[in-house]
Amino acid sequence: MKDWFAHNVLGLPELASSTGQGVDDLLVYVHWLMLALFVGWVIYFGYVLFRFNVKRNKAASYEGSTSKVPSGVELAIVGIEAVLLLGVAIPLWGKNVNAFPKPEDATVIQIMAQQFAWNARYPGLDGKFGRQDMKLIATDNVFGVDPADPAGKDDIQILNEIHVPVNKPVLIYLSSKDVIHSLKLVAMRITQDAIPGLRIPCTFTPNKIGRYQIECAQLCGGGHSAMSGGFVVVQSQADFDAWLKSKSGATTSFE
Amino acid sequence: MSEQPVSLNSYIRLCGVVFVVVLCTTASMIATSYAHIGSSNDWTLKVALILAIAVVNAFLVAGYLMHLLSEKKLVYTVLIFTVFFFIGLVGLTMWAMNDFPPGTASH
Amino acid sequence: MEIPYTVQNRPDTGLYNAKLGIWLFLASEVMLFGGLFSAYILLRVSQPPGGWPHGWLDVRLGTVNTLLLALSAITTLLAWAACKVREFGKFKFFHACTILLALTFLGIKSYEYHDKWIHYEIQLANGKIADGHLIEKSADFDLAKITGTVTLHGREVENHVELMDLRSPAAQSAKLDEMTIPASDIKKMENYGPRHNTFTAIYFTLTGLHALHIFGGTLVIFYLWGPGSKLYKTDPERFTNRIEVSGLFWHFVDLVWIFLFPVLYLT
Amino acid sequence: METTVQQFPPFRETPAHPGHDDHGHGEHHEPNFWQKYIFSTDHKVIGIQYGFMALCFMLFGFFLMLLMRWQIAHPQMPVPFFGPILEKILGQPAAGGAISPELYNSFGAMHGTIMVFLGVVPLAFAAFGNYVVPLMIGAPDMTFPRINMASFHAFFLGGIVMLVSFFIPGGAAQAGWTSYSPLATTIPTNGQAFWLVGMVLLITSSLLGAVNFIATIIQLRAPGMTWMRLPWFVWAQFVTAFILLLAFPPLEAAGVLQLMDNVAGTSFFLPTGLAVGGQLADRSGGGSPLLWQHLFWFLGHPEVYVLILPAMGIVIEVIANNTRKPIWGYKSLVYSVLGVGFLSFIVWAHHMYLTGMGQKIATFFQATTMMISVPSVIILTCMFLSLWGGAIRINTPMLFALGFLPMFGIGGLTGLPLGLAACDLYLHDTYYIIAHFHYVVAPGTIFALFAGVYFWFPKMTGRKMNEFWGRVHFWCSFAFMNIVFMPMFVQGIKGMLRRMSDGGINYSAARVPNAIDALPGTAMQMNGVILWAAICLGIAQIPFIINLFWSISHGEKVGTNPWRATTLDWQTPTPPPHGNFAHEPQVTHGPYEYSMPGAAEDFTPQDAPADKTATAPQPAH
Ligand code: HEA
Ligand code: HEA
Ligand code: CUA
Ligand SMILES: [Cu+2]
């Protein structure tokens, strides 16, 4: 019922992450509430407009409605809102911003947004990122990687195509080097603004293999609508390992 | 100010007092600023002290020179709301800027 | 039809219109400066350790200005009281003082601006930093063409950090000298204008906006002192109200300075 | 026309003018034209000036939006008919008559800015407030007539600055009406600086207006006009004025700071290490982009209630008048509007959930956001319940007021999921947001404003607007508004993003067939539907515009109180003379004494002599 409503009535697109289920559920609950209210009010509205038209009701009543029902309905609305808020929305947000996977259990990726593309950086086979410093930023070194640090030697840096293994949490450290962008993965049900000067973590766990697009959801200049080259490719662990290896063999992409 | 001033001289006296107090508060602010309070590169305590003195100073100006002490309820009401929203603005913004998901870093 | 309560108080509020109006306006001014102060607080708190300068402004000048404004607040009050007891001559005297005090304030403020404007921080080719007030630029001085020299009265430091806390014993004991630097030694030269760093930015913005308020207030007071005082002859009560209302504005401007002074000069 | 209860002898200070001359925009050749219509201090003239300007700006904002909708439906194709004109006046950004992404962005930013700050605020708050509030409370004018005039002139100047910015090199501001830094500072044109200067002027105008409104409502209420006898419209304007007074200044502060960033090279909102286009920016850094957002939304959220409260006020007046019965729950309405006003200051960060918000602060803002929906529900409930038991008269103002209800309902209800951070996570920056707020501001607020225009037109001119064409206007607008905005919910849920200068085509299945979540063709096709519906919506306004101007001189002549209304604005001659009332009205009744048992008529004006009243029971609520 819930999932049927989500996809056939609300028309939500395919869900490809296990972490997104809660978001879909909450969307469905809220829309049920909205629909119930809306339908109820419209029926009342239609009835009143018909029944109390001056043609049918010549003299208005000074008293008006004395029914107790509206107060009851209002209380019920407050109650349901409270339940949704306290019972579902707040815990869900807590999961979203507090329950990050441990780096060793997750695919850790740094993403640096820029006008108008997504740079991604993997720690490589040693699982460690090299030192970074914003002062070192240049056209060919968007992360400001310090070339002197040996831990950075096997780091992988790629543009736009972000590979992740399926069923393993992904931990993204998101930032931007110029203006605010926003990383939106519709199928994963995540959105996070990329804010220059801040490095903000966000997480999801993909559970369907496939190719998904990264949308930039924040106005970022003339190329905003064309900042559509980014993809997340969800692969089996084996495919992912192979891909990682093929990339690590090559030198890091900044010379 | 609703009540009629009794005489100009009584005002001059009031002003004299206010000015002397302003002199004192200003002097004590400067003294605090140069005093050795707290550790030399942590200014928090000093700033708090100095601002506290500034509030006294402001209270004098608002209370006596602007006659706020004898002002009407309506004016208070407006100002109380204003101060409340001002505190909301500063407080909530500060709070928001200090409550990021764990692991957020500025670089 | 006359608008009621322009002079008399409305019984249930106890206020005449303009008085309520000015308090409402001041409430919005509180929020205006509130927005700026909250920006100040946030920017200061979010600086890295040692990133906020100390002792960059001259406390003596700031103190003098504080006292000038306090005095002018008092003369404003007395000017109003003089009107209230119908002593027009005294009113003229007190408000003349207010205007003079305000102009002195603005004069000192522009001197301070000028002082920052000719204060340069120069990154030298050898990695050191020269910092000081401009004495003169040679006629052919041009950074783009790399010609000429510039003479500063100041000092040379190894690191930018040494310039941040001028209250520190090290900075206090530093010797200032005249030095002449050829353009070829200069990597970057920038004065202590608003763009220099967050402190100068907020300093210029806050005091600039405050100075604009002083300026506007002075204009109004000048008008009421000069041509506007004709009203005293025909409707002294209404004129007194005008003086009160403009005085409230003036006190508010003083109030803002009471916070600007410690926030910018003392901490 | 029915005879009305005439309270005063017909009163005129000056010999009567023909009706159509009493308008700020009439061609007029008297020597004192300037004093009378440009530098007037009469609240009624200023109200009409505001109203006329605001309607023109709204039309302009609508036109910008049509160009945008064309671009969305047919990306990069030359705009038919207008393309060459655009190219001629705007040059390169409209090369070939097509809209470049930069031009699209500036149209978007200016559509939002113009609609909000130059359209709805001046019409709903300044125009209706100016014209109606002093009349309703029985005041001769605003407390500070000259400040009132200054407020209009600041508004006018602000509007001019905004318009001029279209023609400077590079065009108008491009960073959205929200003007987020660093984008707003890194775009290498001066549009943003113009925008900021314009905003400072508009804010100044609103502040002056707000001071005036509050002082007027507090000081100039006629004898007997107690707080609980104020028409609710006045309450709504009162709260709105407070919102403007206290929420606008922080944006003014932020505007000054951003202006410094843009012209003086400071870094208030620019962090250290900004690297635009590969190079480290030549900036000191040390600022915070989020600080701008906080200061912006501190106004931005209360601003949306500035857009809706006066509109709700109009709806209440029209409903009370046309149900011929007292408004249900006057007291709860008053407390609700105060509650909304108060709460609106502490919900702003619900626009910023996705800027990286921790659990605690998100909880706070989610909770306040849910709380603020409660008084809104109460207000709506009171409106709905007021219909029960009425003798409902359907005329054009009433149609628009009734249309407002479900439209605001849809817009308000769709605010609920946005208020929950986890749902907003999905919906943020999609067309769902666009649909949400347009339902409240377009078929919501604009309908209420139309209701107000039709309702008070007879007060301003002594003539009614044509009823038939009013109905045509309503039904066409109602249909096309919904065809425009309803599909946007669908698009939004499918993941179509706002501010896409190509209508999202780059994310569509046609472009990226191998992406699983590409936008489906159905969502893209809706862009075409919306375009045509928007064009039809525009055409549907033609009857209104013609009706408005035609009725000024040719409308059906009516008496002073054609709607048989209770409030004081209808108890003075039409159009009201300078000074409004021949003598100070004595208020003896509540605002909505319709169908009072024992009263001779089905309405009892607020200033009806007390002895004429039967001992009526107080309304139950
Ligand atoms: C007039 C304008 C207006 C109004 C009244 C509202 C009202 C509300 N808004 Fe909206 N909002 C905007 C204008 C408005 N909004 C704008 C312009 C934006 C976007 C800005 C931008 O980003 O550019 C926005 C964006 C916006 C966001 C940010 C979304 C995002 O960017 O991610 C959020 C999130 O919480 C939100 C929530 C709400 C809520 C909870 C209400 C509540 O107050 C709603 C309360 C109302 C109800 C609950 C309805 C009650 C009615 C009934 C129950 C009766 C129903 C009857 C029938 C259906 C017949 N709004
Ligand atoms: C009050 C605010 C308001 C109003 C009324 C409107 C009205 C409309 N808006 Fe707007 N809109 C915004 C505020 C508003 N908008 C904002 C804030 C944004 C976000 C901007 C941003 O992204 O930064 C936005 C963005 C926005 C977008 C998204 C652009 C994008 O993200 O890329 C779209 C797309 O369709 C749109 C469409 C419309 C439509 C079809 C109307 C229609 O409803 C218009 C209806 C109007 C009329 C029919 C005209 C009526 C005029 C008259 C009758 C004149 C009479 C004249 C005389 C008598 C002289 N708007
Ligand atoms: Cu990047 Cu939009
Ligand atoms: Cu909001």
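Residue numbers begin at 1 in each chain, while the letters A, B, ... track the order of the sequences.
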Asks: Kindly compute the distance separating CZ (D:Phe213) from CG (C:Leu24), expressed to the nearest 0.5 Å.
Replies: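 Taking CZ in D:Phe213 and CG in C:Leu24, the distance rounds to 13.5 Å.
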Asks: Find the one option among C:Thr205, C:Thr198, C:Asn17, C:Thr200 whose heavy-atom pairs under 4.5 Å with chain D are most numerous.
Replies: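 Answer, by heavy-atom pair count under 4.5 Å with chain D: C:Asn17.
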Asks: Using heavy-atom distances under 4.5 Å, tell me whether C:Ile22 contacts chain D through its side chain, its backbone, both, or neither.
Replies: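 Neither; nothing under 4.5 Å.
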Asks: Counting only heavy atoms not in D:Phe364, do more than 12 sit closer than 6.0 Å to its CZ atom?
Replies: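 Count over threshold, so yes.
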Asks: What's the shortest heavy-atom distance between D:Pro140 and C:Pro4, and which atoms?
Replies: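 So the minimum-distance heavy-atom pair works out to CG-CD, 3.8 Å.
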Asks: Between D:Leu220 and chain C, with a heavy-atom cut-off of 4.5 Å, which part of the residue counts as in contact: side chain, backbone, both or neither?
Replies: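 When you check distances to chain C, atoms from both the backbone and side chain of D:Leu220 fall under 4.5 Å.
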Asks: Which residue out of D:Ser267, D:Gly265, D:Gly285 racks up the most heavy-atom pairs below 4.5 Å with chain C?
Replies: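 Max contact count across the listed options: D:Gly265.
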Asks: What's the spacing between D:Thr143 OG1 and C:Leu20 CG if we round to 0.5 Å?
Replies: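 Reported value, rounded in 0.5 Å steps: 8.0 Å.
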Asks: Mind ranking D:Val256, D:Leu295, D:Ile218 by heavy-atom pairs under 4.5 Å with chain C and telling me who comes out on top?
Replies: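 Answer, by heavy-atom pair count under 4.5 Å with chain C: D:Ile218.
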Asks: If you look at every heavy atom in C:Ile3 and D:Met142, which pair is closest and at what distance?
Replies: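 For C:Ile3 and D:Met142, the tightest heavy-atom pair comes out as CD1-O, 3.3 Å.
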Asks: Using atom types as modelled and distance alone, determine if a side-chain donor or acceptor of D:Gln219 lies under 3.5 Å from a backbone N or O of C:Leu15.
Replies: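 Answer holds: yes.
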Asks: Contact part of C:Tyr16 toward chain D, heavy-atom cut-off under 4.5 Å: side chain, backbone, both or neither?
Replies: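 Answer is backbone: N, CA, C or O of C:Tyr16 sit under 4.5 Å from chain D.
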Asks: Heavy atoms only: give me the nearest C:Arg195-D:Ala264 pair and the separation to one decimal.
Replies: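 Residues C:Arg195 and D:Ala264, closest heavy atoms: CB-O, 3.5 Å.
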Asks: Any non-hydrogen side-chain atom of C:Met31 less than 4.5 Å from a side-chain atom of D:Leu299?
Replies: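 Answer no - side chains too far apart.
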Asks: Chain C heavy atoms under 4.5 Å from D:Phe298: which part of the residue, side chain, backbone, both or neither?
Replies: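 Only the side chain of D:Phe298 comes within 4.5 Å of chain C.
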Asks: Which atom names give the shortest non-hydrogen contact between D:Leu245 and C:Ala27, and what distance separates them?
Replies: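 Reported closest heavy-atom pair: CD2-CB, 4.5 Å.
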Asks: Within this structure, what is the CG-CD distance for the pair D:Leu207 and C:Glu29, rounded to the nearest 0.5 Å?
Replies: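 Here the interatomic distance stands at 8.5 Å.
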Asks: Do the side chains of C:Leu36 and D:Leu257 get nearer than 4.5 Å, heavy atoms only?
Replies: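 A side-chain contact under 4.5 Å exists here.
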Asks: When rounded to the nearest 0.5 angstrom, what is the spacing between OG in C:Ser28 and CD in D:Glu252?
Replies: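 Interatomic distance, C:Ser28 OG to D:Glu252 CD, rounded to 0.5 Å: 8.0 Å.
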Asks: Look up atom OG1 in C:Thr6 and atom CZ in D:Phe144, then write down how far apart they are to the nearest 0.5 Å.
Replies: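 C:Thr6 atom OG1 to D:Phe144 atom CZ measures 10.0 Å (nearest 0.5 Å).
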Asks: Check C:Arg10 against D:Arg221 and note the closest heavy-atom contact, atom names and distance.
Replies: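 Scanning both residues completely, I find the closest heavy atoms to be NH1-O, 3.1 Å.
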Asks: How many angstroms lie between CZ in C:Phe25 and CG in D:Leu208, if you round to the nearest 0.5 Å?
Replies: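 The CZ atom of C:Phe25 sits 7.5 Å away from the CG atom of D:Leu208.
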Asks: Tell me, out of D:Pro250, D:Ser288, D:Gly287, D:Pro145, who's got the most heavy-atom pairs with chain C below 4.5 Å.
Replies: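 Top count of heavy-atom pairs under 4.5 Å with chain C: D:Pro250.
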